[in-house]
Amino acid sequence: MARTTRIELFKDNFKFSSGHFTIFSKTHRENLHGHNFRAGIIITSRVEEDGITFDYGLFKKKTEHLCSELNEHFLLPANSPHLKIETTETHIFAHFNSEKIPFLKRDVLVLPITNVTLEELAHWFLNRFLEDEATIKTYAIEAIEVKVFSGPGQSASANWSAE
């Protein structure tokens, strides 16, 4: 019988500070604000004969890298049905309802999500981990859960299972 275990990685450096607003409807959104977000990953994998799953330093580096991509950016959703994004040489304009919200292009990261929420950020992280199919197969990873926190006691998670 194969043994499995869950490796939980919630390191102090798995963090990013980003601005955003949540869109609630075609006419209602939050004001611009930001959070000091944290991320974590839980990996379920087979325990090998030598008593380890694999060198999960790979996942620590990937999580740090993804957090650094998001850090110090204002996040906008590319796939929102209620937001139109206009890009010029130096600016990005977010068109919402009757508002035209200007940003310097260098300060914004447009993500392939429908809203900048914990739920969508958790899925964004998960999708980025799942891009590396070879690693998942090589290390017999059975499941991945990603959690994103916007503060103590407030998080969302996204899950994937090989089944």
request  = Report yes if the side chains of Glu86 and Lys100 come closer than 4.5 Å at any heavy-atom pair, otherwise no.
outcome  = yes
ask   = Is it true that atom CZ of Phe54 has more than 12 heavy atoms of other residues, nucleotides or ligands lying nearer than 6.0 Å?
value = yes
message = Please give me the minimum heavy-atom distance between Ala140 and Ser45, naming the atom from each residue.
response = O-OG, 3.5 Å
query = Can you check side-chain contact (heavy atoms from CB on, under 4.5 Å) on Leu32 and Phe74, steps first, answer last?
reply = CA-CA 9 Å; Leu32 308 179; Phe74 193 88; 3.4 Å; yes
inquiry  = Whether the Asn97 and Thr27 side chains hold a donor-acceptor pair (N or O, under 3.5 Å, no angle test) is what I'd like checked.
reply    = no
request  = Look up atom CG in Leu109 and atom CG in Leu75, then write down how far apart they are to the nearest 0.5 Å.
outcome  = 6.0 Å
query = What are the two closest non-hydrogen atoms of Phe10 and Ala39, and how far apart are they?
reply = CD2-O, 4.3 Å
ask   = Hey, does the Lys NZ or Arg CZ of Arg38 hover above the aromatic six-ring of Phe149, less than 6.0 Å from the centre and inside 45° of the axis?
value = no
ask   = Below 4.5 Å, heavy atoms only, C-beta onward: do Asn127 and Trp160 meet side chain to side chain?
value = no
request  = Look at the side-chain heavy atoms of Ile, Leu, Val, Met, Phe, Trp and Tyr, link any pair under 4.5 Å apart, and say whether Phe59 and Ile7 land in one connected group.
outcome  = yes
ask   = Is a side-chain donor or acceptor of Thr22 paired with a backbone partner of Thr117 at a separation under 3.5 angstrom?
value = no
Any side-chain heavy-atom pair of Cys67 and Lys15 under 4.5 Å = no
ask   = Can you check side-chain contact (heavy atoms from CB on, under 4.5 Å) on Asn159 and Leu126, steps first, answer last?
value = CA-CA 7 Å; Asn159 299 282; Leu126 180 61; 5.6 Å; no
request  = Kindly compute the distance separating CD (Glu119) from CD1 (Ile113), expressed to the nearest 0.5 Å.
outcome  = 10.5 Å
Atom pair CG (Leu118) and CD (Gln154), whose distance is rounded to the nearest 0.5 Å = 6.0 Å
task = Could you walk me through whether Phe96 and Lys84 pass side-chain contact (heavy atoms from CB on, under 4.5 Å), step by step?
result = CA-CA 7 Å; Phe96 176 79; Lys84 179 182 168 236; over 6 Å; no
ask   = Does the side-chain contact (heavy atoms from CB on, under 4.5 Å) test come out yes or no for Leu76 and Val116, once each step is laid out?
value = CA-CA 7 Å; Leu76 288 173; Val116 182; 5.6 Å; no
query = Any side-chain heavy atom of Tyr139 within less than 4.5 Å of one from Thr53?
reply = no
task = Flag the pair Lys105 and Glu89 as a salt bridge only when some basic side-chain nitrogen lies within less than 4.0 angstrom of an acidic carboxylate oxygen.
result = no
task = Answer yes or no: is there a donor N or O on one side and an acceptor on the other, between the side chain of Glu142 and the main chain of Ala162, under 3.5 Å?
result = no
message = Which heavy atom of Ala78 sits nearest to which heavy atom of Ile85, and what is that distance?
response = CA-CD1, 4.2 Å
request  = Assess whether atom CD of Glu131 is packed by more than 12 heavy atoms of other residues, nucleotides or ligands within 6.0 Å.
outcome  = yes
message = Does Glu48 have more than 12 heavy atoms from other residues, nucleotides or ligands lying within 6.0 Å of its CD?
response = yes
Side chain proximity check, Val47 to Thr4, heavy atoms < 4.5 angstrom = no
ask   = Going from CG on Leu70 to OG on Ser18, what distance comes out if it is rounded to the nearest 0.5 angstrom?
value = 5.5 Å
inquiry  = Would you call the rings of Phe37 and Phe16 parallel, tilted or perpendicular, taking 30° and 60° as the class edges?
reply    = parallel
inquiry  = Under a 3.5 Å distance rule, please check whether Glu120 uses its side chain to pair with a backbone N or O of Thr114 as donor and acceptor.
reply    = yes
ask   = With a cut-off of 6.0 Å (strictly less than), are more than 12 heavy atoms of other residues, nucleotides or ligands near CG of Asp12?
value = no
task = Hey, can you tell me if His91 and Phe93 have their rings parallel, tilted or perpendicular (30° and 60° cut-offs)?
result = parallel
request  = Evaluate the side-chain proximity of Leu66 to Phe14: yes if any heavy-atom separation is below 4.5 Å, no if none is.
outcome  = no
request  = Flag the pair Thr138 / Ile136 as yes when at least one side-chain heavy-atom distance between them is below 4.5 Å, and no otherwise.
outcome  = no
Any donor-acceptor N or O pair under 3.5 Å, side chains Asn13, Glu64 = yes
remark   = Output for pair (Ile141 CD1, Phe129 CZ), nearest 0.5 Å, gives 10.0 Å
query = Taking the side chain from His82 and the backbone from Ser80, do they hold a donor-acceptor pair closer than 3.5 Å?
reply = no
inquiry  = Do Leu130 and Ile144 make a side-chain contact, defined as non-hydrogen atoms from C-beta onward lying under 4.5 Å apart?
reply    = yes
request  = Using atom types as modelled and distance alone, determine if a side-chain donor or acceptor of His33 lies under 3.5 Å from a backbone N or O of Asn31.
outcome  = yes
note = CG of Leu58 to CD1 of Ile43, rounded to nearest 0.5 Å, is 8.5 Å
task = Answer yes or no: is there a donor N or O on one side and an acceptor on the other, between the side chain of Asn115 and the main chain of Ile23, under 3.5 Å?
result = yes
